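From a predicted model like this one, the values you see are computed outputs, not experimental measurements. Numbered from 1 within each chain, the chains take letters A, B, ... in sequence-line order.
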Amino acid sequence: MIRITPELVDAERGRFAVAESVRSHEGDVPLAVRLTAVSKRFPGVIAVSEVDLGVAAGEVHVFAGENGAGKSTLMKMVAQIEAPTSGTIEIGGKPVSHQGPGAARELGVSMVHQEFALAPDLSVAENLFIGQEPGRFGWVAKGRERRNARELLARVGLDIVPERKVGSLSTAQQQRVEIAKALAVDAGVLILDEPTASLTEGEGRELFGIIGELCRRGIAVLYISHRLDEIFEVGDRVTVMRDGAVVETSPVSELDEARLVRLMVGRDVDNLYPRTHTELGPVRLSVSGLSRGGQVRDVSFDVRAGEIVGMAGLVGAGRTELARSVFGAEVPDSGTVSLDGKPLRIRGPADAIAAGLGYLTESRKDDGLALQLGVDKNITLARLPMWSVLIDLSEERELTQRHRDNLRIRTPRTSRPVRMLSGGNQQKVVLARWLEAGAEVLFCDEPGRGMDVGAKSEMFAELDSLASQGRSIVLISSYLPELMNMCDRILVMRAGRLVGEVAREEFSEERIVALATGAKDNHE
Amino acid sequence: MSEQTPTSEQQPTGGREPEAGRGLVRSLSDRLSGAISQVAAAGALIVVFIVLSIIAPSFLTADNLFNLGSQTSVKAVMAVGVTLVIITGGIDLSVGSVAALSGVVGVMLMATFGFNPLIGVLGGIVIGAAAGLVNGLLVSMVGLPPFIATLGMLSVARGLVLIVTGAVAVFGAPESFRLLGQGVIGVVPIPILVIVVVALGGHFVLTRTRLGRYAYVMGSNSEAARLSGVPVKRHTTSVYVLSGALAGLGGMIAASRINSGQPNFGEGLELDVIAAVVIGGASLFGGRGTVWGSLIGAFLVAVIRNGAVQLGINTFYQNVLIGVIIWLAVWWDRYQRRKLGADSG
Ligand SMILES: Nc1ncnc2c1ncn2[C@@H]1O[C@H](COP(=O)(O)OP(=O)(O)OP(=O)(O)O)[C@@H](O)[C@H]1O
Ligand SMILES: [Mg+2]
């Protein structure tokens, strides 16, 4: 899927040239960012401890490490969003004190957050230039804003009008707006916190093209990622963190995957995709003729007991909308959903859950978590343990502790507000909720978003064990290897329609991509 | 709230803890930070109480304290209901008018229609609940913003009061009706007992029932609540019904104190009630608030008003003072929260 253009080749070369010089004489290359003994403590947790590090101009420096290792916190300190508890941060050779994100922009630091920081009710153009609107004396030059916005959007390959409200965009589109917003700043240091978490591989590669170009211009890129393949693809050097401290910094060329994983999670993960195949049972969920507002068009499919069915498709293909329509989050215009042969009458999610369906949503922050509330309250939300009309608090405590231990949710106590957890750990809380809900048919929309390799492997093991108990899983993911390893069958959607179905024996990346993009399938 | 010993709540994979041995202190301060605003409000209450006892000789007298208790009970009872609404991210501006409506209708039931006081009080509560039901349906079914729905009710209920009474006070309730606002059991004034019962009930609903749990979740992220199967509309409606019913009870207590239904009772009362809830640490954005906090807030507001009267300070200045205290309370709350990165759940 990568088109190798001359620009790209050039970009690559420029980048590696700079990186090489970093490697050979680290001492005299100007450091874009230098951290000395930086620590950050939150009440009850040491998030970052005594980090010393230098990132050279023109380098792509990858940060890896398990969920809650302190990567995002470290980056937020560089971007002046959080103040370090101790230690010094130098940017472009000058020590900086915590002055707020506005000051970071002056210093030339720009950041794409793990959790989007976009205003849903403002237009894309307005979001791109928040705090630095073109124009003078409080007057926003709308025309210029739109023009600049169009340019930026083109750069990140997003084909939408800048007047669109951000709230109406899909998660993956919002991700790109975030990236465009970071590029709007004329930055010397660009921080990307899991920018590809909801992008397909192809879309990720476009981003790598942009990164290459930035590096050639001498911009330092700090890049957090859990995806092994892309760490090796974009990174010059990688710093692995664990428990807030740096365990190792080395050039990517001196690492291999197994060693990197071991450094990240502190143990071997021998099987990223644990899938035990069992005999499939009878059809459990049957969807027929489902349509909704042009986003889902006449979709029919079955899911059998013990089956994990994958849903592939490009951004905007309608996979999330399909899941939401089945689940009653949106009322479909037409179509029927039946479970075990019985047609269901679903007027809303409450009905769907009562009937035995579950839906793990795509965006934990928007419609997944009650961020202010504790881990425990979030886990039991879909199924509260009751003792007659009262909530059974001791049962609630027990089961949340069990999930915390099983999924290794990093939190000192289960009543800790979810917003204090790291991104990946928040995602584990959403997963725990739906494991606890005990749905017969569970739709998982990008369930591994933000999880480290170890956590993902554990998540898949959980899904696998649900399937082997005769339950059914519908797995929506933009990451094909995940689908191809875990699923018995992959359904492909394009523009709201189900355009193909690929059985496990016939899985091939080309085939699925061809179906998803609508390109002529010439591999047959 | 899960109470555990500090050691049992640490787990092998948990975040790194600061120096061992300080675990207890840390965990205590961790807990307290969740109740930061309640602690602050309680502190302010104690300070104001002591200062008034010193500078206003008539403040610390049995008579005045009794009076203070029954004044507070009106606001406290209503504040419990409004707390619930505010936790869901809503607001109830109508409680003052609804209390007045309940008061006059309740008294009329006794005076005009000759029902016994028990029926009269229940009738007042039912009227309040009915007004709350209208609020709740307007918010959950019609989709009006809570501010607008209850602002409308503020006006509608007041209008109804004036229509029903012809703008004249209603008298003639039986003597035994006075007990609710003025009676004593042993040495404990009945209005104080009412506060205790309502507060315990409210706390119980908030912490141990679906309605309470869902109130927090809806206030924190209503879409997440909906997609997790919470019947958001039903629970939203219930919360306004409860707030209306408790406003009704507040109205009956007030009517009992003056042994009449006053058509202009409760004008501006919603401000004191909302102030009490906010001072008690509830967030107007929803997801946060406790009954205890609101109770302390109600006492603080009542003590300030009462003390001002003892000192001969004009109501106009009282209003200024209450307003400033709201600012201070919310500012302090935010400041502390930012500093500690804390939140309650
Ligand atoms: N605002 C906060 N308040 C309290 N604790 C926090 C806060 N933000 C982060 N932490 C804690 O700091 C630690 C590190 O979190 P951080 O978000 O940096 O992890 P991360 O490496 O980015 O993880 P992930 O891969 O899951 O995104 C975690 O234990 C987390 O609970
Ligand atoms: Mg993170």
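With a 4.5 angstrom heavy-atom cutoff, A/Arg383 does not touch chain B via any of its atoms. If you measure heavy-atom distances from A/Trp387 to chain B, you find no contacts under 4.5 Å at all. For A/Ile391, the parts lying near chain B are the backbone and the side chain together; criterion is any non-hydrogen pair under 4.5 Å. Residue A/Glu66: no heavy atom, backbone or side chain, is found under 4.5 Å from chain B. Within the 4.5 angstrom heavy-atom criterion, only backbone atoms of A/Leu369 (N, CA, C, O) approach chain B. For a residue to count as touching a neighbouring chain, one of its non-hydrogen atoms must lie under 4.5 Å from one of that chain's; by this rule A/Asn425 does not touch chain B. In this structure, no portion of A/Ser394 lies under 4.5 Å from any heavy atom of chain B.
Closest approach of A/Arg324 and B/Leu227 over heavy atoms only: NH1-CD1, 3.9 Å. Of all the heavy atoms in B/Asn221 and A/Lys365, the pair that sits closest is ND2-O, 3.4 Å.
Contact annotation: the side chain of A/Thr361 never approaches that of B/Glu223 to less than 4.5 Å [non-hydrogen atoms, C-beta and beyond].
Taking CG of A/Leu393 as the reference point, atom OG1 of B/Thr207 lies at 7.0 Å (rounded to 0.5 Å). How far CG of A/Leu381 is from OG of B/Ser220: 10.0 Å, rounded to the nearest 0.5 Å. Here CG of A/Leu373 is found 11.0 Å from CZ of B/Arg288. Values are rounded to the nearest 0.5 Å.
Other residues, nucleotides and ligands contribute over 12 non-hydrogen atoms within 6.0 Å of the CZ atom of A/Arg267.
Not a single donor-acceptor pair under 3.5 Å links the side chain of B/Arg226 to the backbone N or O of A/Pro349.
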